[in-house]
Every structure is written in C-alpha cells, then in structure tokens.
Chemist: 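My questions will all concern the structure given below.
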Amino acid sequence: MIRTNNLKKVYRTEEVETTALNEVSVEIKAGEFVSIMGPSGCGKSTLLNILGLIDNPSGGEYHFLDKEVSKFSERQRSQLRKNNIGFIFQSFNLIDELTVFENVELPLIYTKVGSGERRKRVEEVLEKMNMMHRRNHFPQQLSGGQQQRVAVARAIVNNPKLILADEPTGNLDSANGDDVMKNLVHLNNEGATIIMVTHSQYCAEFGNRIIRLLDGQVVTESMVAKQML
C-alpha cells in the first residue's frame, strides 16, 4: 500500500535550514498496524503528514496505492486523501459549533454522498462507537474519551483504506486510552491499515510492527507480539 524511497523533508527560512526527514525508506503492506516511535522532534509527525498527503516531501519517492504521489499538487493530494485516508488526532479536532452527528457527517459531505446514505452511515458508525445517544450533543458537552470516540467515528465513516493516528491517546486517561486502542485493533482486524505515531511503548505494542525514528532517520524496525486488552 505504501512505499517510500529516500524520502526527505527540509524546512528553510532565510536564516536556517532544518532537515526533518533524511532519506526515509519504509514499506507498509495493506492490513498492517504499524507504530512509529521516537523522541519529540525526530520527524514522526512530519512523516505522518507526508504519508497522509497533507504535505509533499522535498525529495525522494512516495508510492501510495501504486501511484507515485510525491509531486502531486494540493488538488490531486486532496482528491486522493479524502477518498482513501482517515485521520485521528491527539486534540480530537472536532468543530465546536457542530453536533456529534454533524462532525461525523462532514467527510461524507466532502465526498458528495447523498443525504439518505449519509444518515445511514453516520448512524451505523455512531452505534459502533457507542455514541448514538450523544448524536445531538456538542463536543464541549462530552468527556475527552467521548470526543475521541467521535473523532474515530469521523475517521472511519468513509471506510478509508488507511487510518493515520497521531498520538490518539495522548490527551486521555488510561481507561479511555485503552478504549481507543481497542477500537483501533478492532478496525485493523476488520481490514483497515493503521499507522500510529505514539510516545507510548504500551500503545505501540498493539500494532504488529514498530518503526523508530531518530533525527529524521529510521534507526530500527521490529516486529512485536500484539498487546491484548
């Protein structure tokens, strides 16, 4: 599903040049659950943004779904992204002025799904996340764990081939964090490919492979025995 070859990302200002990624080559197969670890500033989120087609690399190749996408325009990236990738963020990124139902519905509006089908899909995914009873609530009326369940629902409502999770348990207590990890494992078992950035070794071991970054480079890749809840 994903293959990068000597991926580079350099940020430049008038005074300084910062290399965020330095010749990163990774391969991720469909159906894998891969955790990316490393200290702050090592390039984890930069790599996730490139894999999620939010940003372009400065050099190297990125193959996604058999397309070489490293030089895609924003319009091309957006089209490929909205039909194939779901995002889960540490800070939830829900829209305060929209209800739970409306937040989850947004990706379906962007992909021009009809209103009847939108309602059906949103209700199905809210049931799956045990949030149907909160459908008319606003994000500020929810606990952190509930907000993250809504964020997961929004990420999967379009049935994406790839789910990217950036520190999905970072703002949660251990019980709610376990709940999010349980949902991610379930989605992976249903066939979704998941790439998760995390500082937590415990969370990382819910995946089947850990990629460690340091100073913008891959330093180790290791298979792990999956954690069980």
Side-chain angles (χ1 to χ4, degrees), residues 33 45 48-49 51-54 74-75 77-200 202-203 206-207 227 229:
F33 186 157
S45 293
L48 207 67
N49 285 342
L51 297 182
L53 302 171
I54 293 173
E74 169 52 31
R75 183 185 180 90
R77 294 200 311 271
S78 175
Q79 192 64 31
L80 194 56
R81 183 173 63 236
K82 70 184 182 182
N83 289 313
N84 295 287
I85 302 174
F87 294 89
I88 304 168
F89 303 96
Q90 177 178 349
S91 56
F92 318 134
N93 284 15
L94 301 176
I95 298 173
D96 288 338
E97 294 76 20
L98 300 182
T99 65
V100 163
F101 186 97
E102 291 165 341
N103 266 282
V104 176
E105 185 184 31
L106 268 182
L108 300 175
I109 293 173
Y110 293 149
T111 51
K112 297 181 170 57
V113 175
S115 60
E117 178 66 13
R118 289 204 306 269
R119 175 179 291 273
K120 175 174 174 288
R121 287 206 217 169
V122 173
E123 289 178 350
E124 284 176 354
V125 79
L126 286 178
E127 287 282 5
K128 189 175 193 174
M129 292 293 115
N130 194 28
M131 287 300 294
M132 192 61 181
H133 63 298
R134 298 286 193 179
R135 58 175 292 166
N136 294 320
H137 286 68
F138 292 90
Q140 292 165 329
Q141 297 173 302
L142 306 177
S143 68
Q146 289 172 330
Q147 288 188 59
Q148 193 61 298
R149 288 210 297 274
V150 175
V152 172
R154 181 186 57 191
I156 67 174
V157 72
N158 249 341
N159 299 314
K161 296 179 176 67
L162 174 65
I163 296 172
L164 300 179
D166 193 355
E167 296 282 0
T169 65
N171 284 341
L172 303 176
D173 59 35
S174 58
N176 281 308
D178 280 351
D179 191 41
V180 168
M181 294 313 304
K182 187 186 300 182
N183 285 323
L184 290 179
V185 169
H186 181 67
L187 292 168
N188 180 240
N189 290 339
E190 288 184 336
T193 304
I194 297 176
I195 303 173
M196 177 181 68
V197 162
T198 182
H199 280 102
S200 166
Y202 170 75
C203 289
F206 282 96
Q227 281 268 25
L229 281 171

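Values below: all heavy atoms of this structure, side chains included; hydrogens, waters and symmetry mates excluded.
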Chemist: What's the shortest heavy-atom distance between Leu164 and Gly52, and which atoms?
Modeler: CD1-CA, 3.2 Å
Chemist: Is there a salt bridge (charged side-chain N to carboxylate O under 4.0 Å, His left out) between Arg121 and Glu124? Walk through the geometry before answering.
Modeler: CA-CA 5 Å; Arg121 287 206 217 169; Glu124 284 176 354; over 6 Å; no
Chemist: Look at the aromatic rings of Phe87 and Phe89 and report parallel, tilted or perpendicular, splitting at 30° and 60°.
Modeler: parallel
Chemist: Quick one: are Asn158 and Asn83 in side-chain contact, heavy atoms under 4.5 Å?
Modeler: no
Chemist: How many angstroms lie between atom CG of Leu187 and atom CD1 of Ile156, to the nearest 0.5 angstrom?
Modeler: 4.5 Å
Chemist: Whether the side chain of Glu117 engages the backbone of Gly114 through a donor-acceptor N/O pair (distance < 3.5 Å, no angle test) should be reported.
Modeler: no
Chemist: Measure the shortest side-chain to side-chain distance between His137 and Gln146 over non-hydrogen atoms and say whether it is less than 4.5 angstrom.
Modeler: no
Chemist: Should Glu123 and Phe101 be marked as a side chain to side chain contact (heavy atoms under 4.5 Å, CB included) after you check the CA-CA gap, both sets of side-chain angles, and the distance that decides it?
Modeler: CA-CA 8 Å; Glu123 289 178 350; Phe101 186 97; 4.2 Å; yes
Chemist: Which heavy atom of Ala153 sits nearest to which heavy atom of Met129, and what is that distance?
Modeler: CB-CG, 3.8 Å
Chemist: So, using side-chain hydrogen bond (donor to acceptor under 3.5 Å, both in side chains) as the criterion, who are the partners of Glu102 when residues are at least two apart?
Modeler: Thr99
Chemist: Do Phe92 and Val150 touch side chain to side chain, with heavy atoms closer than 4.5 Å?
Modeler: no
Chemist: If every non-hydrogen atom of Cys203 is compared with every non-hydrogen atom of Thr169, which pair is closest and at what distance?
Modeler: SG-OG1, 3.6 Å
Chemist: Would Asp173 and Asn176 satisfy side chain to side chain contact (heavy atoms under 4.5 Å, CB included), going step by step from the backbone distance to the final call?
Modeler: CA-CA 6 Å; Asp173 59 35; Asn176 281 308; 3.2 Å; yes
Chemist: Under 4.5 Å between any side-chain heavy atoms of Phe33 and Ile163, yes or no?
Modeler: no
Chemist: Any salt bridge (Lys or Arg N to Asp or Glu O under 4.0 Å) pairs touching residues 148-169, not counting sequence neighbours?
Modeler: Arg149-Asp179
Chemist: So that I can tick it off, tell me whether Glu105 and Arg135 are bridged by a salt bridge, with the cut-off set at under 4.0 angstrom between side-chain N and carboxylate O.
Modeler: no
Chemist: So how far is it from Thr111 OG1 to Leu106 CG, rounded to the nearest 0.5 Å?
Modeler: 10.5 Å
Chemist: Is any side-chain heavy atom of Val104 less than 4.5 Å from a side-chain heavy atom of Met131?
Modeler: no
Chemist: Hey, could you give me the OG/NZ distance between Ser115 and Lys120, rounded to the nearest 0.5 Å?
Modeler: 13.5 Å
Chemist: Roughly how far apart are Gln90 CD and His199 NE2, rounded to 0.5 Å?
Modeler: 9.0 Å
Chemist: If I take atom CG from residue Leu48 and atom CD1 from residue Ile195, how far apart are they, to the nearest 0.5 angstrom?
Modeler: 7.0 Å
Chemist: Using 0.5 Å steps for rounding, measure from the CZ atom of Phe206 to the CE atom of Met181.
Modeler: 5.5 Å
Chemist: How about Asn84 and Leu53: do any of their side-chain heavy atoms sit closer than 4.5 Å?
Modeler: no
Chemist: If you compare all heavy atoms of Ala155 against all heavy atoms of Pro160, which two are closest, and at what distance to 0.1 Å?
Modeler: O-CG, 3.2 Å
Chemist: Measure across Pro168 and Leu184 and return the closest heavy-atom pair with its distance rounded to 0.1 Å.
Modeler: CG-CD1, 4.2 Å
Chemist: Taking all heavy atoms of Asn103 and all of Pro107, pick out the closest pair and write down the distance.
Modeler: O-CD, 3.9 Å
Chemist: Check whether any side-chain heavy atom of Ile88 lies under 4.5 Å from a side-chain heavy atom of Val180, and answer yes or no.
Modeler: no
